[in-house]
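Ligands are counted one by one from 1 in listed order, and the atoms in each one are counted from 1 as well.
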Amino acid sequence: MMTSTPTALTTLQNKRVLLGLCGGIAAYKAAELCRLLVGAGAQVQVVMTKGAQEFITPLTMQALSGQAVHTELLDPGAEAAMGHIQLARWADLILVAPASANFMARLAHGEASDLLTAVCLARRCPLALAPAMNQAMWSNASTAANLGLLKAAGILLFGPANGVQACGDVGPGRLLEPNELLQLCAAQFATGSLAGQRVVITAGPTREAIDPVRYLSNHSSGKMGYALAAAAIEAGADVTLISGPTDLPVPERCKLVPVISALDMLAACQVQAADIFIAVAAVADYRVALPAAGKIKKSAEELSLALVRNPDILATIATSTPRPFCVGFAAETDNLADYAKAKLHSKGLDMIVANDATSTFGNDSASVTAYWPGGEQLFEPQSKTQLARRLIALISQRSLIPHV
Ligand code: PMT
């Protein structure tokens, strides 16, 4: 059995954990889990299904969490105080423990028929399920199919464990122990999920010289890339930030490689060893074929510049050996999903993060959708700092899955 460590105690401090309980004999373990989470410094709100209340009382969970327990979807009092949307917005992490087969089936099919499924559907944060059910129910083809859908939606799975069950059967389907669940919750915020990983991030704009005093560029501020660098450092990674010109402070403990043009950026990327490569930079697709050696003088009414294509840095890294886990960004003004998915395939990426070009450049917040082969996850509007933490959690989770 795992034990509570100082890591859990520090990483869960002030984190908002929404603990969902479904019906099942394992619900009694959620009481201990709630106590451990609160003890580790987390704020805990509890949502219980009707089934859960048959096994353990809301009063127990209220006493342990120090908060009124939420049970009803259509309760005018609860809606005024903290309804399903507010609960979903409040949480940094939702953990459903125990998660029953019935709950997983409803969640997999997008139902919002009770408070817990509605909160999960409205979530903006990572969602983890700790299943607990009879081994035959766990092994059933329907449960397996639902599990496939849930995993494709980016939902995390904590357990189940193997062993003797309350009904006397032996097999998979036991809820993990409260201490194990505590550690897994802590790992979502830690410091540690990318420990030892070399993460290379490109950020900001590139500048393509026209002459010694003029250039072609774009409105990228670098905010998204720098926030990802800070979040990756927080997660324990060894981070190199290859950045075009920005006004931003360099995140602490981050190695900065300043560059100007797309060709500089490519050269810098090619000499950095990476386990994970995240291309956030808005790289100029074209550069001036022959930048003037001296300042171009104003003379004719029209001036034409011959442009040539820049190399695609991300596509180049995605075909390098050894190949890192490759994440791209796509800023589009229209057909966001289609163009992003096309880039996912054409550049040979493991993931692409799509954002609306009209609202993301230079802003402090963004809404994005991450796409990967066979799955996607929407991140509602939020600060780039918060978004970066959530994207890093998703990237660290998906980069553990073997890729081609
Ligand atoms: O910097 P901010 O103000 O915070 O804004 C963030 C952002 C809008 C710049 C960022 O979220 C974003 O979307 N970056 C990608 C911008 C873009 O439009 O990329 P693209 O569609 O041109 O390219 C797709 C991917 O290939 C990107 O990961 C890009 O870094 C990469 N690429 C593109 C061209 C090129 N020559 N080399 C590349 O590596």
Side-chain angles (χ1 to χ4, degrees), residues 199-208 216-231 241-251 259-270 272 274 276-288 307-320 324-372 379 381-388 390-392 395:
V199 175
V200 174
I201 299 174
T202 69
T206 63
R207 286 181 185 169
E208 309 302 326
L216 300 174
S217 192
N218 59 65
H219 293 297
S220 170
S221 62
K223 286 177 184 170
M224 190 70 244
Y226 281 54
L228 279 161
L241 182 59
I242 300 176
S243 174
T246 75
D247 294 330
L248 301 175
V250 183
V259 295
I260 305 287
S261 68
L263 290 180
D264 295 342
M265 190 173 269
L266 174 65
C269 290
Q270 283 179 311
Q272 291 297 330
I276 298 175
F277 182 75
I278 309 175
V280 195
V283 183
D285 287 323
Y286 292 89
R287 68 180 183 278
V288 177
L307 302 180
V308 290
R309 275 275 287 273
N310 269 327
D312 193 304
I313 301 166
L314 177 56
T316 307
I317 299 297
T319 51
S320 62
F325 184 87
C326 288
V327 181
F329 269 67
E332 308 289 349
T333 51
D334 51 298
N335 295 326
L336 189 53
D338 289 346
Y339 285 137
K341 286 180 194 168
K343 284 178 186 171
L344 176 73
H345 297 298
S346 66
K347 296 186 190 231
L349 309 180
D350 300 290
M351 188 188 292
I352 194 147
V353 180
N355 46 199
D356 182 342
T358 58
S359 59
T360 313
F361 277 90
N363 279 347
D364 289 331
S365 60
S367 168
V368 303
T369 303
Y371 298 95
W372 58 91
F379 295 84
Q382 55 196 293
S383 72
K384 285 183 177 171
T385 306
Q386 182 75 298
L387 179 61
R390 290 176 174 163
L391 285 171
I392 286 295
I395 290 167

Ionic contact status for Asp312 with Lys347, cut-off 4.0 Å: yes

Salt-bridged, Asp364 to Lys384, with N to O below 4.0 Å?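 Answer for the salt bridge query: no.
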
Tell me whether [X] has any N or O atom under 3.5 angstrom from an N or O of ligand 1.
| X | result |
| --- | --- |
| Asn363 | no |
| Ala279 | yes |
| Ala282 | no |
| Gly225 | no |
| Val280 | yes |
| Gly204 | no |
| Asn310 | no |

Provide the closest heavy-atom pair for Thr319 versus Thr316 in the form atom of the first, atom of the second, distance.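 For Thr319 and Thr316, the tightest heavy-atom pair comes out as OG1-O, 2.9 Å.
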
Non-hydrogen atoms of Cys269 and Ile313 that approach each other most closely: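 The pair with the smallest heavy-atom distance is SG-CG2, 3.8 Å.
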
Does Cys326 offer a backbone N or O that forms a donor-acceptor pair with the side chain of Asp350 under 3.5 Å? yes

Checking a contact table here: which protein heavy atom is nearest [atom], and how many Å away?
| atom | result |
| --- | --- |
| atom 39 (O) of ligand 1 | Leu314 N, 2.8 Å |
| atom 24 (C) of ligand 1 | Phe329 O, 3.0 Å |
| atom 17 (C) of ligand 1 | Ala331 N, 3.8 Å |

Pick whichever of [options] has a heavy atom sitting closest to [atom].
| atom | options | answer |
| --- | --- | --- |
| atom 21 (O) of ligand 1 | Lys343, Met224, His219, Lys347 | Lys343 |
| atom 3 (O) of ligand 1 | Pro205, Ser221, Ser359, Ala203 | Ser221 |
| atom 29 (C) of ligand 1 | Gly328, Ala318, Ala281 | Ala281 |

Under 4.0 Å from any heavy atom of [X], which atoms of ligand 1 are there?
| X | answer |
| --- | --- |
| Asp285 | 34 (C) |
| Gly362 | 2 (P), 3 (O) |
| Val283 | 34 (C), 35 (C), 36 (N), 37 (N), 38 (C) |
| Gly222 | 1 (O), 2 (P), 3 (O) |
| Lys223 | 1 (O), 2 (P), 4 (O) |

Side-chain donor-acceptor contact under 3.5 Å, [X] with [Y]:
| X | Y | result |
| --- | --- | --- |
| Ser261 | Asp264 | yes |
| Ser221 | Tyr226 | no |
| Thr358 | Asp356 | yes |

Can you confirm whether [X] sits close enough to [Y] that some side-chain heavy atom of one is under 4.5 Å from a side-chain heavy atom of the other?
| X | Y | value |
| --- | --- | --- |
| Arg390 | Gln382 | yes |
| Leu391 | Val327 | no |
| Arg287 | Leu307 | no |

Please confirm whether Lys384 comes under 4.0 Å of ligand 1, counting heavy atoms of the residue only.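 Judged by the 4.0 Å heavy-atom criterion, Lys384 does count as contacting ligand 1.
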
So, does Ala354 sit close enough to ligand 1 that a heavy atom of it is under 4.0 Å from the ligand? no

What part of Asn355, side chain from CB on, backbone N/CA/C/O, both or neither, has a heavy atom under 4.0 Å from ligand 1? side chain

Quick check for you: to the nearest 0.5 Å, what is the distance between Thr333 atom OG1 and Tyr339 atom OH?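 Interatomic distance, Thr333 OG1 to Tyr339 OH, rounded to 0.5 Å: 7.5 Å.
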
